[in-house]
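Sequential numbering from 1 along the given sequence is applied to the chain's residues. What's counted below: heavy atoms across the whole structure, side chains too, no hydrogens, waters or symmetry copies. Computed from a predicted model, the values in this text were never measured in an experiment.
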Amino acid sequence: MKQVSISVIGAGNRGYEAYGKLLHGRKDVKVVAVAEPDAVKRERFSVEHGVAKENQFSTWWELLSKDRLSDGLIIATPDKIHVEPAIVAARKGYTVLLEKPIAQEPEAILKMLQIPQVRERVTIAHVLRYTPFFTRVKSLLEEGAIGNLIGIEHVERIGFYHFAHSYVRGNWRKKNDSGPTILTKSCHDADILHWLIGEKCEKVISLGKLYHFKSKNKPKEAADRCLDCSLKDSCPYSATRIYLTENTGWPVSVITTDLSTEGRLKALREGPYGRCVYASDNDVVDHQVTMFHFKNGVIANFTMTAFSDDITRHIRIHGSHGEIFGDLDKGYIELSIFGDTKKVIPVEVKGGHSGGDEGLIEEFVALLKGEKERLTTAFEDSVHSHMMAFAAEKSRVKGGVVVPVTEALI
């Protein structure tokens, strides 16, 4: 069995808990190096994967200043530290898997597009393409199961506590620091629409704003920190209800490396995750509706919302001779043929992103082993889906005007 080597930059939630766990124990993969500024996370990752001391680095630059250490490289750093390490790594000859989004500004993405090594060697982690659910939907469309494709209604149900965790208290709460929600959360959805429809998007109309998570909606009796709040047992967004349960996996594992009760209490007293959702410094949109118009005339209506009880995606696809409806998290697809049959197609749902993380890593390893020429997601495809997101944000900011995707630069 051929074994390939992989290095990881960023040993946090995605690098350690998602990709690291999937790579651990594989006989065809050896993780040989890690770069992570947090000493506890770096040590934890290194021990689990048996990374030699000389290949443990505190910065991405230290790792990439060495001669190429591995066949592949996974970059799972904070969003603002994606562009430079990806360029350096690609030029150094690494095959790179880069976490989304590519960058926070369209100019930086277009700069990367001009670099041949980036186009050839960098793949963006658009995990939805690798889920059994969307793979099956794609095959139904390619088979012509519902005739000619007319339109799509797609909804990303972020989940009330997920949004509070990541986009009110967490790393993606401020547009200037991370980017708009339509990019940081929903570039996955722009990508999946682009992939399913099989054409480029021409123009976009979008409306939305920060509706709820702001100071004017704070109850009078609420405290600035959930630990001090008289509403902590009844508020659905209470940090005590999200982080002080028996669960120590995501999202709890993000707030501290000390997952004891004392460690979590300390994090809630001192860090951003203990703040009232109405007393944070967040400014990103919590509900947005976008219409994407594609070159072949197909129109996709996309809703991104914080206000859902579950975390999933729903899709309804209208065809000339039938329709498809599916729920990603529940793992089923309903195929209805007009005037004929209706059947439910179950699909496997397991692991991160409903199996997308596992599918992506499987393909990435196959690419490194020479069993595939390229991954399902080409870099140019990811650039286009990001420009769709930037165009949507530009339209939203301008009050819902039509914005051509070619004019996505803000």
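Side-chain atoms of D258 and S260 form a donor-acceptor pair, as typed in the model, at a separation below 3.5 Å. Side-chain contact, E221 with S230: no donor N or O sits under 3.5 Å from an acceptor N or O. Under 3.5 Å, the side chains of Y130 and H353 contain no donor-acceptor pair of N or O atoms.
The pair R316-E323 counts as a salt bridge, with a side-chain nitrogen and a carboxylate oxygen less than 4.0 angstrom apart. In this structure, D28 does not pair ionically with K2, as no charged nitrogen and carboxylate oxygen lie closer than 4.0 Å. Taking the charged nitrogens against the carboxylate oxygens, D281 and R275 do have a contact shorter than 4.0 Å, which makes a salt bridge. Look at D283 and K175 and you find no salt bridge, because none of the NZ, NE, NH1 or NH2 atoms lies under 4.0 Å from a carboxylate O. Ion pair R313/D189 flagged as a salt bridge, since at least one NZ, NE, NH1 or NH2 atom sits closer than 4.0 Å to an Asp/Glu carboxylate oxygen. Using a cutoff of 4.0 Å between basic side-chain nitrogens and carboxylate oxygens, R14 and E99 are scored as salt-bridged.
For K174, the NZ atom is densely surrounded, since the number of other residues' heavy atoms within 6.0 Å is greater than 12. Enclosure of atom CD in E334 by more than 12 non-hydrogen atoms of other residues, nucleotides or ligands within 6.0 angstrom is indicated.
Partner of R136 under the side chain to side chain contact (heavy atoms under 4.5 Å, CB included) criterion, chosen from L141, I324, I333: I333. Considering D310, D327, T312 in turn, D310 is the only one that fulfils the side chain to side chain donor-acceptor pair (under 3.5 Å) rule with R157. Test L360, V365, D357 against L22 for side chain to side chain contact (heavy atoms under 4.5 Å, CB included) and you get one pass: D357. E48 pairs in a salt bridge (Lys or Arg N to Asp or Glu O under 4.0 Å) with only one of the listed residues (K41, K21, R42), which is K21.
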Begin with the C-alpha distance, continue with both residues' side-chain angles, and end with the deciding distance and a verdict on side chain to side chain donor-acceptor pair (under 3.5 Å) for T290 and S206.
CA-CA 4 Å; T290 304; S206 190; 2.8 Å; yes
Begin with the C-alpha distance, continue with both residues' side-chain angles, and end with the deciding distance and a verdict on salt bridge (charged side-chain N to carboxylate O under 4.0 Å, His left out) for K111 and E105.
CA-CA 10 Å; K111 171 188 173 184; E105 306 86 17; over 6 Å; no
Evaluate side chain to side chain donor-acceptor pair (under 3.5 Å) for Q104 paired with H82, printing each intermediate quantity in order.
CA-CA 9 Å; Q104 297 164 295; H82 282 185; over 6 Å; no
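Residues M388 and H194 are in side-chain contact: their nearest non-hydrogen atoms beyond the backbone lie under 4.5 Å apart. Two residues are said to be in side-chain contact when any heavy atoms from C-beta on lie closer than 4.5 Å; F390 and I109 meet this criterion.
Pairs passing the ring-ring contact (aromatic ring centres under 6.0 Å, His included) check and including a residue from residues 84-127, sequence neighbours excluded, read H126-H188, H126-H386.
Counting only distance, with no hydrogens or angles, the side chain of T131 and the backbone of F134 share a donor-acceptor pair below 3.5 Å. A distance-only check finds a donor-acceptor pair linking the side chain of E62 to the backbone of S58 [under 3.5 Å].
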Only pairs under 3.5 Å count here: list side-chain donor-acceptor contacts from residues 213-220, not counting sequence neighbours, and write none if there are none.
residue : atom : partner : partner atom : Å
K214    : NZ   : L210    : O            : 3.0
N217    : ND2  : H212    : O            : 2.8
K218    : NZ   : D224    : OD1          : 2.3

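Judged by a 6.0 Å distance limit and a 45° cone about the ring axis, K185 is not positioned over the six-membered ring of W172.
Aromatic ring centres of H154 and H314 lie farther apart than the 6.0 Å criterion allows.
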